[in-house]
Trainee: 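Pasting a structure below so you can have a look.
Order of the sequence lines fixes the chain letters, A, B, ..., with proteins taken first and strands second; residue numbering starts at 1 for each chain.
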Number of protein chains: 2
Amino acid sequence: MDTLTVMQKVVPELKDVLERRYTILRAVRTLGPVGRRNLTHELGLSERTVRSDLDILRAQGLVLASSEGVLLSPEGEVVLARLDEMARKLHDVAGLEAALGEIFGLQRVIVVPGDSDSDPSVKRDMVQVAGEYLRSILRDGDILAVTGGTTLAQVAECFPGESFNRRVTVVPARGGLGEDIRIQANTIAVRLAEKLGGSYRLLHAPEDVLPCYVEQILREPRIRDVIALSKRAKVLLHGIGTAEEMARRRGLDDDTTMGLIARGAVGEAFGYYFNAKGEIVYSTSSVGLRLHDLENISKVVAVAGGRSKAWAILAVLSTGRCHVCITDEGAARRVMRLKESTKTEGGVTDDHQDWD
Amino acid sequence: MDTLTVMQKVVPELKDVLERRYTILRAVRTLGPVGRRNLTHELGLSERTVRSDLDILRAQGLVLASSEGVLLSPEGEVVLARLDEMARKLHDVAGLEAALGEIFGLQRVIVVPGDSDSDPSVKRDMVQVAGEYLRSILRDGDILAVTGGTTLAQVAECFPGESFNRRVTVVPARGGLGEDIRIQANTIAVRLAEKLGGSYRLLHAPEDVLPCYVEQILREPRIRDVIALSKRAKVLLHGIGTAEEMARRRGLDDDTTMGLIARGAVGEAFGYYFNAKGEIVYSTSSVGLRLHDLENISKVVAVAGGRSKAWAILAVLSTGRCHVCITDEGAARRVMRLKESTKTEGGVTDDHQDWD
DNA sequence: AGCAGTGGGACATTTTCTGTCCCGCTAGGT
DNA sequence: ACCTAGCGGGACAGAAAATGTCCCACTGCT
């Protein structure tokens with residue numbers, strides 16, 4: 001019986017407090033020097049609670065308070081790292097990582113404890129470890145291709161560390177999509193390039209262009225160049241979306257959407273819709289990286305979390321095109337269960353409800 | 001950094017609660033099925049506190065409540081055993097045991113975490129492990145000799161387990177001493193024999209008889225027999241007293257007491273007063289086991305705890321007559337410090353105050 | 001039958017926690 | 001040089017939890 005288990009048995013009240021402070025510490029780590037109210041708003045806790053906890057953490061020397069906000073002390077970082085370890089052990093994410101890697105033939109899997117769907121702070125963790133992973137693999141002169149999406153946007157936003165300063169070129173792998181500027185591949189490329197201290201290129205083209213115009217657009221030199229660049233990328237960082245959500249975001253009409261669903265589309269990545277087996281069900285006549293271009297990219301990194309995305313992740317990983325997957329525990333566990341089920345009976349009944 | 005240390009950093013409030021519940025659990029273990037008020041009185045905590053904690057522990061399935069009181073559940077025993085381990089690790093008592101064993105050439109040392117002086121529950125723990133140790137070494141037909149004292153009385157009182165049922169003979173090693181019937185060697189022998197399921201003999205003689213009568217008393221067949229029996233004991237279980245306390249308990253007059261102190265007497269065991277080097281300073285002209293009789297006893301077991309007894313324990317262990325020592329952390333640590341000091345400078349200045 | 005000791009209920013009181021202000025300060029932008 | 005958004009910290013009333021102290025019905029034992 002584990003030390004932590006024993007504690008929880010003897011002092012069950014501990015759990016709440018420990019988890020709350022762990023969340024606060026993680027938020028402080030990610031959000032750098034941050035104010036009390038900002039944290040409050042970010043974590044959805046009450047101001048007073050956050051304050052009391054911060055007072056205690058400060059008294060314990062884990063966080064430092066300055067005029068620009070609180071931030072982790074060196075000791076706090078050590079303690080937090082140990083808490084991370086403990087959480088990983090408690091949830092056995094290492095086992096999950098190994099299992100997922102085995103099933104989908106991945107080079108590397110990183111699973112963050114928790115579930116982005118029920119706890120927003122988990123998503124911050126996930127995108128931050130994605131950032132750290134990027135830091136660890138990018139070298140001078142590398143080209144990094146990125147797609148759009150809320151997750152990718154957050155990766156760019158929360159990219160950790162100050163001066164990376166490797167001469168990396170960031171290029172969008174896809175054209176523009178939807179109205180929200182914050183989650184465009186272009187915007188993300190810019191933000192990431194800033195954080196990385198590298199340069200970027202923009203893809204001045206919409207993603208969903210009518211087929212007859214595609215060829216014409218591809219003749220544009222500035223567009224052609226950027227696409228050519230993205231095909232030579234060393235790393236592709238892409239998100240994964242559920243088929244429904246992406247269809248909605250692309251503004252597909254109801255008929256097309258129904259058709260997608262009917263053909264079993266559950267996941268989307270870089271313009272392609274896949275069914276649970278990883279087969280292409282539909283692809284946008286799109287401007288940008290094509291699926292077969294991935295063969296020349298040495299690291300295709302998927303980032304997505306939240307148990308609601310499990311089907312989508314299952315679909316995309318099943319393509320066998322990804323090398324690395326960064327996700328969270330909630331998604332990973334459900335992906336595992338789905339994989340088990342589809343293996344034996346080819347389908348799962350009613351797995352769309354949200355368990356706890 | 002240890003899991004427990006991390007916890008204490010992040011949730012410092014934990015310590016109080018954890019220690020309190022640990023104490024309660026230990027008390028429940030020792031005092032068997034015990035009522036709430038009884039516990040309250042025993043632990044010096046308020047009734048409501050004990051009650052709230054018990055409610056939680058019961059909800060956690062660690063204790064069971066019946067009409068005769070609360071007692072540990074099987075799971076509770078497991079958890080408590082792990083807590084014991086944790087406490088031992090936290091206080092590094094294993095290191096203390098090894099060090100003490102090395103210094104005084106002991107076969108076996110058992111140190112219980114805590115300090116009997118500041119926490120009465122520690123003494124209960126100590127006497128209980130003493131009981132367990134006894135259980136583990138006594139065999140059919142063995143003779144067990146015991147001395148008097150509050151600690152020994154408690155060993156008898158808290159002797160763990162139901163039916164031991166080994167045919168052990170318990171004999172008092174010393175005659176009567178003082179007025180308090182509960183701490184007489186005779187009484188203790190009876191209680192222990194009951195708990196062990198063995199038989200006992202009584203020594204109907206006072207300990208502090210005038211020298212001229214000693215010989216006469218020793219001619220009494222029933223006394224002579226019992227003493228002869230104690231000399232053939234396999235195990236001698238004895239307490240250790242401070243010189244002052246024992247002098248007072250024996251009702252020695254002020255002159256004698258001052259003389260004892262002047263000659264450096266700090267510790268007492270089975271009627272002998274020792275200085276810090278373990279040399280005999282004074283011995284009562286007593287009826288019972290003599291020091292040289294110990295040579296024929298294969299296990300001489302000393303039981304004493306509380307930092308206030310450190311000098312006394314140091315003295316008695318320094319005689320080299322003991323094989324086993326069962327004590328608590330508070331005493332053990334101070335004994336170590338005293339030993340260090342006396343080794344280098346031959347004395348320690350003002351070590352009688354009680355540090356925390 | 002009496003009794004000592006048990007757990008559980010109840011309640012007023014105290015202490016702690018919590019939500020919500022305001023305030024003075026500092027840094028960064030204008 | 002000023003302005004302002006955001007910072008930590010102080011303050012305080014109301015809510016909630018912990019605490020001390022009863023009483024009560026029950027049970028096992030003498």
Trainee: Is a salt bridge present between B/Lys309 and B/Glu245, judged by a nitrogen-to-oxygen distance below 4.0 Å?
Mentor: no
Trainee: Can you pull out the residues from residues 9-25 of chain B that lie within a 4.0 Å heavy-atom distance of DNA chain C?
Mentor: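 Residues of residues 9-25 of chain B that come under 4.0 Å of DNA chain C do not exist, since none gets that close.
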Trainee: Charged N to carboxylate O below 4.0 Å: is that the case for B/Arg21 and A/Glu13?
Mentor: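 A/Glu13 and B/Arg21: salt-bridged.
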Trainee: Do A/Arg82 and A/Glu85 meet the salt-bridge criterion of a basic N to acidic O distance under 4.0 Å?
Mentor: yes
Trainee: Is the backbone N or O of A/Gly239 less than 3.5 Å from a side-chain atom of A/Thr151, with the two atoms forming a donor-acceptor pair by type?
Mentor: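 Not confirmed, A/Thr151 side chain does not pair with A/Gly239 backbone.
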Trainee: So does A/Lys9 pair up with B/Glu75, basic N to acidic O under 4.0 Å?
Mentor: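 Answer for the salt bridge query: yes.
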Trainee: Please tabulate, one pair per line, all N/O donor-acceptor pairs under 3.5 Å involving side-chain atoms of residues 42-50 of chain B, not counting sequence neighbours.
Mentor:
from    : atom 1 : to       : atom 2 : distance (Å)
B/Glu42 : OE2    : B/Arg124 : NH1    : 3.3
B/Ser46 : OG     : B/Arg48  : N      : 3.4
B/Ser46 : OG     : B/Thr49  : N      : 3.2
B/Ser46 : OG     : B/Thr49  : OG1    : 2.9
B/Glu47 : OE2    : B/Arg36  : NH1    : 2.5
B/Arg48 : NH1    : B/Ser52  : OG     : 3.2

Trainee: I'd like the 5' and 3' limits of the part of DNA chain C contacted by chain A, with heavy-atom contacts below 4.0 Å.
Mentor: C/dT18 to C/dA27
Trainee: With a 4.0 Å cut-off on N to O distance, would you call B/Asp140 and B/Arg166 a salt bridge?
Mentor: no
Trainee: Please test A/Asp84 against A/Arg29 for salt bridge (Lys or Arg N to Asp or Glu O under 4.0 Å), starting from the C-alpha separation and ending with a verdict.
Mentor: CA-CA 12 Å; A/Asp84 285 332; A/Arg29 169 171 59 187; 2.8 Å; yes
Trainee: Tabulated below should be each protein N or O lying under 3.5 Å from an N or O of nucleotides 4-7 of chain D; please produce it.
Mentor:
from  : atom 1 : to      : atom 2 : distance (Å)
D/dC7 : OP1    : A/Gly35 : N      : 2.9
D/dC7 : O3'    : A/Gly69 : N      : 3.4

Trainee: Below 4.0 angstrom, which residues in residues 43-53 of chain B have at least one non-hydrogen atom near DNA chain C?
Mentor: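 Those residues are B/Arg48, B/Arg51.
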Trainee: How would DNA chain C look in dot-bracket form, 5' to 3', counting Watson-Crick and G-U wobble pairs with both distances under 3.5 Å and writing | for bases paired to another strand?
Mentor: ||||||||||||||||||||||||||||||
Trainee: Before accepting this row, confirm whether a basic side-chain N of the pair A/Arg191/A/Glu194 lies closer than 4.0 Å to the acidic partner's carboxylate O.
Mentor: yes
Trainee: Cation-pi between B/Arg26 and B/Tyr22: NZ/CZ under 6.0 Å from ring centre and within 45° of the ring axis?
Mentor: yes
